[in-house]
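I have placed the structure first, in the form of C-alpha cells, so that the comments after it can refer back to it.
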There are 2 protein chains.
Amino acid sequence: MAVPRRRTQSRTAERIIDVAERLVQTRGFNNFSYADIATELRITTASLHYHFPSKAELGSALTARHAEQFAAALGQIDQHMAEPRAKLEAFTRLYEDVLRRERMCMCGILAAEYETLPKPMRSAVLRFFEENQRWLEDVLTQGRADKSLSFTPSADEIAQRILSTLEGAMLVARPDADLNRFNATAQQLLASVTA
Amino acid sequence: MAVPRRRTQSRTAERIIDVAERLVQTRGFNNFSYADIATELRITTASLHYHFPSKAELGSALTARHAEQFAAALGQIDQHMAEPRAKLEAFTRLYEDVLRRERMCMCGILAAEYETLPKPMRSAVLRFFEENQRWLEDVLTQGRADKSLSFTPSADEIAQRILSTLEGAMLVARPDADLNRFNATAQQLLASVTA
DNA sequence: GTCTATAGGCAGATAGAC
DNA sequence: GTCTATCTGCCTATAGAC
C-alpha cells in the first residue's frame, strides 16, 4: 500500500533534505555548501534559501526528519518482533544498513563536529543518543526478565556499550566500507548478552 | 631526566602543531582556520604559512607527530608492563586521558571527515587504526597463550571490537564529557576478555 | 517558487619589505 | 621568521524581477 507522504514539507523541500542528508552523512555538516545541493538538484542557491532561509534551519529540518524516521524504524521493530534477541539483531541491522550505503550514522558524524553545531542541532544529537539508549534499555530489561538475555552490569551500562560499539564500528569501518568487519563486531555484541 | 626535544621542527612549528592539534580534536580539521591559530599564538597567518605552506601540510605534520607520540606511548606500556590484562587497562587509559581533556581521539574525528581529507591524512588515519589493531592483537594473543585472557572469536575480531568500542564511547560521551559512562564501557570491555 | 545579481565575510595563500 | 598588504575564491545570505 502506498504510504501517504507527510505534507509538512513541500516535495522540493524533501528532495533538498534528501541530498543534504547524504552530504552530511558522508562529509559532515560543515563540509558541504548550498552550492553542492543546488548543483545536484539543478536549482539555484537562492531557491534553496526560499525553502530553508539559513543553513542552521536546514540542519534542524534534517535532524527533525531523521528523528522521526528513526523513531518509526524502532516502532516497526517493536511491532513486528517479540523476542528481545531478535529486536537487538534488527537494531544492529539498522546501523549496518547505513554503512552499506557507505554513510556514517548522521548523529555519529554530528557528534564529531558537535562543538561547531548550532544549538538546536546539538540538542538533536543528544536526544538521538538518549532515545537509542532508552530503547535498548527496555529491550535488555525485557530480555533479562524472560531469561532470553543475560548480562552482569546494569541494562543501562550495557545499552551504553552497545550504542558506543556500533557507532565506533561504523566510524572505523567506513573509510573502506568494510561490512564484514562491522558485522563481526556486531555479532560479538549480540553474543555478549545472549543467554 | 630531561628528554631531549626532537629538533626536526622549530619551537614555533611545535607550538603551531600544539594549537592545531587541540583545534582538530575539538572541532575537526575543516572547522578551524589559520586565523584561529594565528590569533592564539599572536602571530600572523602569513607567518603560519612560512612554517606550513598549506593547511594540508600542517595536517600531515599533525598526524605524523601524533603517530610518533602514540607509538611511543604503546612502547612505554610494553616496556613497563608484562601482563596482558594490565596492558589492556593502560591502553584504555590512553583513550580515557583524551576524553578527560575534553577532546576526541584525533583519528576518530578525522575518520568522521575522512571523505574531505587530503590523501596523506587519509592514509595516516588508516595507519593509526591498523597500528592500534596490531598492538591489541599481539596483547590478546599473548594473554590467550598465558591463559590470563580468554575469548572465543579470533584475536583479530576482538581487537577490532575493542578499538571500535573505545572510539564510539568517546564519540558518544564527549558532548557532555562524561568520563563515568566512558569508563563503565571500558570496564565491560576488559571484563569481556578477562579469564 | 525560481530566477539573476550581488553583497559581505572569511577562507587559504602569496609577494615582498624588514 | 615575522610582518603588511593583497588576491582569489568560496560561502551564506538578501533584494527584487518574473
Side-chain angles (χ1 to χ4, degrees), chain A residues 5-24 26-63 65 109-110 113 115-122, chain B residues 5-24 26-63 65 109-110 113 115-122:
Chain A
R5 195 187 311 287
R6 185 172 50 110
R7 272 287 127 201
T8 312
Q9 310 270 357
S10 72
R11 178 73 193 113
T12 303
E14 292 283 350
R15 291 175 65 224
I16 292 168
I17 296 182
D18 287 341
V19 175
E21 186 171 77
R22 196 194 70 244
L23 290 171
V24 168
T26 49
R27 309 174 54 89
F29 185 67
N30 297 302
N31 302 323
F32 72 90
S33 69
Y34 268 40
D36 293 326
I37 304 176
T39 302
E40 188 163 333
L41 294 180
R42 294 177 204 273
I43 57 179
T44 62
T45 60
S47 292
L48 278 185
H49 279 283
Y50 167 80
H51 295 280
F52 302 99
S54 73
K55 200 181 173 186
E57 291 175 75
L58 171 56
S60 292
L62 206 52
T63 50
R65 191 184 76 170
I109 208 161
L110 291 179
E113 35 184 2
E115 297 287 329
T116 73
L117 297 179
K119 271 236 179 69
M121 292 187 74
R122 292 191 190 188
Chain B
R5 194 188 311 289
R6 185 170 51 110
R7 274 284 127 200
T8 312
Q9 310 267 357
S10 74
R11 178 71 193 114
T12 304
E14 293 284 350
R15 291 174 65 222
I16 292 168
I17 296 182
D18 288 340
V19 176
E21 186 171 75
R22 194 193 71 242
L23 290 170
V24 168
T26 47
R27 308 174 54 89
F29 184 69
N30 297 302
N31 301 323
F32 72 91
S33 69
Y34 267 40
D36 294 326
I37 304 176
T39 302
E40 190 163 332
L41 294 181
R42 297 178 203 273
I43 56 178
T44 62
T45 61
S47 292
L48 277 185
H49 279 283
Y50 166 80
H51 294 281
F52 301 100
S54 74
K55 200 181 174 186
E57 291 174 75
L58 170 57
S60 292
L62 207 51
T63 50
R65 192 184 76 169
I109 208 162
L110 291 179
E113 35 186 1
E115 298 285 330
T116 72
L117 297 179
K119 273 236 178 70
M121 291 187 75
R122 294 192 189 187

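Just so we're on the same page: letters track the sequence lines, and every chain starts at 1. Treat the numbers as computed from the prediction; the structure is a model and nothing was measured.
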- Query: What residues in residues 50-62 of chain B put a non-hydrogen atom under 4.0 Å from any atom of DNA chain D?
  - Reply: B:Tyr50, B:His51

Output the rounded distance in Å from [atom1] ([X]) to [atom2] ([N]).
X: B:Phe29; N: C:dG12; atom1: CZ; atom2: C1'; value: 11 Å
X: B:Arg11; N: D:dT2; atom1: CZ; atom2: P; value: 12 Å
X: A:His49; N: C:dC3; atom1: NE2; atom2: P; value: 13 Å
X: A:Asp36; N: D:dT12; atom1: CG; atom2: C1'; value: 13 Å
X: A:Leu41; N: C:dC3; atom1: CG; atom2: C1'; value: 16 Å
X: A:Arg42; N: C:dC3; atom1: CZ; atom2: C1'; value: 17 Å
X: A:Ile43; N: C:dC3; atom1: CD1; atom2: P; value: 6 Å
X: A:Leu48; N: C:dT4; atom1: CG; atom2: C1'; value: 15 Å

[X] and [Y]: which non-hydrogen atoms are nearest, and at how many Å?
X: B:Met121; Y: B:Ser60; answer: CG-N, 4.2 Å
X: B:Ala61; Y: B:Gln9; answer: CB-NE2, 4.4 Å
X: B:Leu117; Y: B:Leu110; answer: CD1-O, 3.5 Å

- Item | Pairwise 5' ranking along DNA chain D for B:Thr45 and B:Thr12, keeping only the more 5' one | B:Thr12

- Note on the structure: salt bridge (charged side-chain N to carboxylate O under 4.0 Å, His left out) filter on B:Asp18, not counting sequence neighbours, yields B:Arg65

- Could you tell me whether the phosphate oxygens of C:dA11, OP1 or OP2, come under 4.0 Å of any side-chain nitrogen or oxygen in B:Ser33? yes

- Message: Any side-chain N or O of A:Ser10 below 4.0 angstrom from OP1/OP2 of C:dG1?
- Response: yes

- Task: Indicate, with a heavy-atom threshold strictly under 4.0 Å, whether B:Thr44 touches base, sugar-phosphate, or nothing.
- Result: base

- Item | Check ion pair A:Arg122-A:Glu113 (N to O, under 4.0 angstrom) | no

- Can you sort out the partners of A:His49 under ring pair (Phe, Tyr, Trp, His ring centres under 6.0 Å), two or more places apart, ordered by chain and number? A:Tyr34

- Return the nearest nucleotide to the side chain of A:Ala46; candidates are C:dT14, C:dG12, D:dA15. D:dA15

- Item | Nucleotide of D:dG1, C:dA5, C:dG12 approaching B:Tyr34 most closely (side-chain heavy atoms) | C:dG12

- Query: With no hydrogens and no angle check, is any side-chain donor or acceptor of B:Lys55 less than 3.5 Å from a backbone partner on B:Phe29?
  - Reply: yes

